[in-house]
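The block underneath contains the structure these notes are about, expressed in structure tokens.
By convention in this document, chain letters (A, B, ...) are assigned in the order of the sequence lines, proteins followed by strands, and residues within each chain are numbered from 1.
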Amino acid sequence: MSFIRCEALACWYLRQARDLPWRHTADPYHIWISEIMLQQTQVKTVQPRYAAWFERFPSIASLADAPLDDLLKAWEGLGYYRRARFIHQAAMRIENEFSGRFPRDFDALLSLPGIGRSTAGAIASFCFRQPRPVLDGNVKRVLRRWHDQPEATDKELWLLAQQALDGAADPALWNQAMMELGATICGAKSADCNSCPVSEACISAWQVDTAVEKQATVAVIDLHWQVALHLCPQKGIWLSQRPQTGIWAGLWTPPITELNDAPAKAPTHVHLLTHRRLHLYGELADGAPSGTGQWVDDISQLALPTGIHRLLEKQRSV
DNA sequence: AAGTCGGGGTC
DNA sequence: GACCCAGACTT
């Protein structure tokens with residue numbers, strides 16, 4: 001049965017997979033960056049940023065040599081900025097420990113910051129044709145439905161993923177096809193079983209609509225941040241760097257003071273994160289700014305979080 | 001096993 | 001609004 005599934009799925013993939021830029025290469029540097037960008041980030045969001053990245057950083061060496069701020073700037077708007085920090089650290093390790101050549105060994109891949117088991121599986125299979133599975137949100141959903149195990153744990157899913165891969169002739173093609181199936185046919189909110197190439201082998205087929213998807217409800221916590229706007233016609237705006245941990249780690253913002261209670265006035269801008277609701281109160285500040293920071297004439301040169309960009313837009317329009 | 005970490009697409 | 005997305009890392 002496994003063989004039949006492989007043939008049908010591979011055939012379907014080759015016939016009508018989406019044409020995505022990172023599917024035209026097996027170069028580890030390109031695959032690596034695409035996989036990091038795609039972590040918890042939709043294909044449509046990554047697509048326009050993929051080519052731009054390599055124009056700015058044509059090689060791993062150019063990453064290792066660049067200041068972290070340059071990587072953060074290139075990452076602006078992608079979110080999860082820790083990923084850019086990990087890329088920088090990994091690039092330096094590849095240069096220093098692996099003589100600038102991307103490691104092929106699976107455990108060596110796993111040892112690089114930002115590369116977990118699934119991303120390592122993607123690189124190992126796409127670049128080096130090793131039989132390592134990918135287990136992202138798409139593949140997890142497909143496997144849960146395929147085996148009708150909506151409550152399967154990660155450990156169980158990794159086992160199912162490896163078993164399925166072991167029956168495939170081409171690990172890279174199999175991994176791509178599984179993700180493609182989850183992204184286009186076997187969606188989280190919609191399952192088009194009529195179009196599915198492997199519905200006959202799927203235990204959940206035709207009843208996915210009634211299957212209850214377990215979804216963890218995330219508590220959203222309100223935060224109230226006062227944003228001090230020191231504006232100077234000559235010198236620009238005063239920015240300081242966020243701490244290296246926490247929200248917007250390492251990014252540049254006007255000085256932020258966390259308020260214990262919601263002020264009486266309405267926030268200038270409300271910025272939503274996955275589990276935080278940031279109420280931002282722009283406050284025009286007089287006098288010399290205190291603390292460490294710098295006057296910035298052109299904010300397009302530094303990495304600012306999206307929420308701060310929005311705040312400044314609104315503040316200017318007032 | 002649960003919590004932390006962004007931002008945008010999509011319905 | 002709510003939910004989800006080619007997850008990794010820390011505790």
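Straight-line distance between the P atoms of dC11(B) and dA6(C): roughly 14 Å, to the nearest whole Å. A distance of about 14 Å separates the C1' atoms of dC5(B) and dC5(C), rounded to the whole Å. Comparing the same atom, P, in dA8(C) and in dG8(B) gives a spacing of 22 Å after rounding to whole Å.
Contact check for W32(A) versus I115(A): side-chain heavy atoms found under the 4.5 Å cut-off. Counting only heavy atoms from C-beta outward, the side chains of M178(A) and L165(A) never approach each other to under 4.5 Å. Contact of the Y13(A) side chain with the P197(A) side chain is not registered, since no non-hydrogen atoms from C-beta on lie closer than 4.5 Å.
Atoms CG (L110(A)) and P (dC9(C)) sit 9 Å apart, rounded to a whole Å. When the C1' atom of dG7(C) is taken as reference, atom CZ of F86(A) falls 11 Å away, rounded to whole Å. Rounded to an integer number of Å, the gap from L72(A) CG to dG6(B) P is 11 Å. The distance between atom NE2 of H30(A) and atom C1' of dA6(C), rounded to the nearest whole Å, is 18 Å. Here dA8(C) presents its P atom at 16 Å from CD of Q89(A), a figure rounded to the nearest Å. Atom CD in Q244(A) sits about 14 Å away from atom C1' in dC5(B), given to the nearest Å. A straight line from CH2 of W158(A) to C1' of dA8(C) spans 12 Å, rounded to a whole angstrom. For W225(A) and dG6(B), the CH2 to C1' distance is 12 Å, given to the nearest whole Å.
Relative to the side chain of R83(A), the nucleotides dC5(B), dA6(C), dG6(B) differ in distance, and dG6(B) lies closest.
The cationic atom of R242(A) (NZ for Lys, CZ for Arg) lies less than 6.0 Å from the six-membered ring centre of W225(A) and within 45° of the ring axis.
Inspection of the R23(A) and Q176(A) side chains reveals an N or O donor paired with an N or O acceptor under 3.5 Å.
Within the nucleic acid shown, W75(A) has no heavy atom closer than 4.0 Å to any nucleic acid atom. Residue G182(A) is classed as having no contact, given no heavy-atom separation below 4.0 Å to the nucleic acid. At a threshold of 4.0 angstrom between heavy atoms, the contacts of I115(A) are confined to the sugar-phosphate backbone, with no base atom among them. No contact: S34(A) has no heavy atom under 4.0 Å from any strand.
Between the side chain of S190(A) and the backbone N or O of G187(A) there is no donor-acceptor pair closer than 3.5 Å.
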Could you go through the side chain to side chain contact (heavy atoms under 4.5 Å, CB included) check for F57(A) and Y29(A) one step at a time? CA-CA 11 Å; F57(A) 303 108; Y29(A) 175 42; 3.6 Å; yes
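Hydrophobic clustering (side-chain heavy atoms under 4.5 Å, transitive across Ile, Leu, Val, Met, Phe, Trp, Tyr) groups I308(A) together with L231(A).
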Polar-atom pairs under 3.5 Å, protein N or O versus N or O of nucleotides 7-11 of chain B: list them with distances, or write none.
unit_1  : atom_1 : unit_2  : atom_2 : d
dG7(B)  : OP1    : Y81(A)  : OH     : 2.8
dG7(B)  : OP1    : T306(A) : N      : 3.1
dG7(B)  : OP2    : W248(A) : NE1    : 3.1
dG7(B)  : OP2    : H271(A) : NE2    : 2.6
dG7(B)  : O3'    : G77(A)  : O      : 3.2
dG8(B)  : N2     : Q42(A)  : NE2    : 3.2
dG9(B)  : O4'    : Q42(A)  : OE1    : 2.6
dT10(B) : OP1    : K44(A)  : NZ     : 2.7

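Within the structure, every side-chain polar atom (N or O) of R82(A) is placed at least 4.0 Å from both OP1 and OP2 of dT10(C).
If you find the closest nucleotide of DNA chain C to R277(A) and to R23(A), the one lying nearer the 5' end belongs to R277(A).
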